Amino acid sequence: RRRQGDRNMSNPVFVALDTPDLEQAITIAKSVRGHVGGLKLGLEFFCAHGHHGVHEIQKLDLPIFLDLKLHAINMLEPAVVTVHASGGRAMMEDAKAAANEHTKVVGVTLLTSLDQNDMGKIGYQGTPHDQVERLADLAREAGLDGIVCSGNEVGAAHKIWKDGFFVVPGLRPKGGAMGDQKRAVTPQQARNNGASLLVIGRPITGAENPNAAARAIEATL
């Protein structure tokens, strides 16, 4: 059986299926499967459907990015899994050691819904770039494959970690609504700056025609 982590991700767009509705997730996934590289399933989906839901989505034969920030998921063999980089080096080392050899483990740095003002309120010092670079260095030292960061920081992170795997969420196509994203860039900008995997949710899932929306984004890359 071909393992998901072995696939060549020629299309870097992973559509975020952050919904507890399995049928809706499958419908959207089938609609966009020709224009995305994979599917991201979050904790909301996993809590509603567990392993069964993941296996149902896997039947569509697309790579799965299982964004649970949990460790006990190796039997599902996801292509990518996240841990919190702010959890420290030892925790990241343990997560990488526990992961399936075909799974990329990436450290979440700074949420794209946070800006400089938010950072101060939660006790972070410096700029978003400073925080991401610190955690990128820590993730690399811990042996992780890469990090999750915004499109604003991915260029700087790529410069200091040439072979890192960079997951960029919170993307908004040109002219799209920002929603809760305060530091969003376009998929094309993120890709050009060194993003390896692009996570896109509402611009595709909330579109009147998800297939057309995915196709339009794919065309910009």
Side-chain angles (χ1 to χ4, degrees), residues 4 7-22 24-46 53-54 57-58 60-69 78-82 104 106 108-115 132 146-155 157-158 164-221:
Q4 290 192 7
R7 298 173 192 267
N8 176 23
M9 298 181 194
S10 57
N11 184 332
V13 174
F14 274 52
V15 63
L17 300 175
D18 294 327
T19 172
D21 187 326
L22 179 59
Q24 180 185 26
I26 291 174
T27 297
I28 292 174
K30 286 182 176 179
S31 174
V32 304
R33 66 187 300 177
H35 304 289
V36 301
L39 308 168
K40 192 204 82 157
L41 302 177
L43 190 57
E44 184 179 17
F45 178 92
F46 191 78
V54 177
I57 297 295
Q58 282 179 325
L60 299 176
D61 198 32
L62 283 171
I64 301 296
F65 174 8
L66 203 53
D67 188 19
L68 305 183
K69 303 172 183 70
V80 185
V81 68
T82 53
K104 291 187 183 299
V106 296
V108 178
T109 56
L110 189 67
L111 299 180
T112 54
S113 56
L114 300 180
D115 60 15
V132 169
I147 59 170
V148 180
C149 64
S150 89
N152 289 295
E153 284 86 47
V154 69
H158 186 257
F165 187 84
F166 300 103
V167 176
V168 178
L171 298 167
R172 293 292 181 265
K174 189 174 182 180
M178 290 294 284
D180 62 351
Q181 303 302 330
K182 297 180 179 178
R183 295 181 299 117
V185 301
T186 68
Q188 184 179 29
Q189 288 172 322
R191 184 66 166 163
N192 290 345
N193 287 339
S196 309
L197 189 155
L198 310 173
V199 179
I200 303 170
R202 277 172 288 184
I204 294 177
T205 61
E208 184 175 344
N209 186 333
N211 178 51
R215 182 184 303 170
I217 291 172
E218 179 188 35
T220 68
L221 302 176

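The structure displayed is predicted, hence computed values, not measured ones.
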statement: For T109 and V148 the tightest heavy-atom approach is OG1-O, 2.5 Å
field: Residue pair F45 / V54: nearest heavy atoms and the distance that separates them
entry: CE2-N, 3.9 Å
message: Counting C-beta onward and ignoring hydrogens, is there a side-chain heavy-atom pair between I147 and V106 closer than 4.5 Å?
response: no
- prompt: Per the side-chain contact (heavy atoms from CB on, under 4.5 Å) rule, which among V36, I217, V168 passes with I200?
  reply: I217
Exercise: identify the closest heavy-atom pair between L17 and A29: CD1-CB, 4.1 Å
field: Counterpart residues, ring-ring contact (aromatic ring centres under 6.0 Å, His included), relative to H35 (two or more places apart)
entry: none
query: Between T19 and A25, what is the shortest heavy-atom contact and its length?
result: CG2-CB, 4.0 Å
Nearest-0.5 Å distance that lies between atom CD in E218 and atom CG in L198: 11.5 Å
- request: Any chance you could measure L41, atom CG, to F65, atom CZ, to the nearest 0.5 Å?
  value: 10.0 Å
query: CZ of R191 to CG of L197: how many Å apart, nearest 0.5 Å?
result: 9.0 Å
field: Side-chain donor-acceptor pair present, S31, N211, cut-off under 3.5 Å
entry: no
- line: d(T220 OG1, Q189 CD) to nearest 0.5 Å is 10.0 Å
task: State, to 0.1 Å, how close A190 and V154 come at their nearest heavy-atom pair, and which atoms those are.
output: O-CG1, 4.0 Å
- line: Taken to the nearest 0.5 Å, the spacing of Q188 CD from N193 CG works out to 10.5 Å
- prompt: If you look at every heavy atom in R172 and P187, which pair is closest and at what distance?
  reply: O-CD, 3.8 Å
- prompt: Salt bridge or not for D18 and K40, using N-O below 4.0 Å?
  reply: yes
query: What is the distance from atom CG of N192 to atom CG of L221, rounded to the nearest 0.5 Å?
result: 8.5 Å
query: Is any side-chain heavy atom of V185 less than 4.5 Å from a side-chain heavy atom of L171?
result: yes
- request: Under the side chain to side chain contact (heavy atoms under 4.5 Å, CB included) rule, what do V167 and F14 come out as? Steps first, then yes or no, please.
  value: CA-CA 10 Å; V167 176; F14 274 52; over 6 Å; no
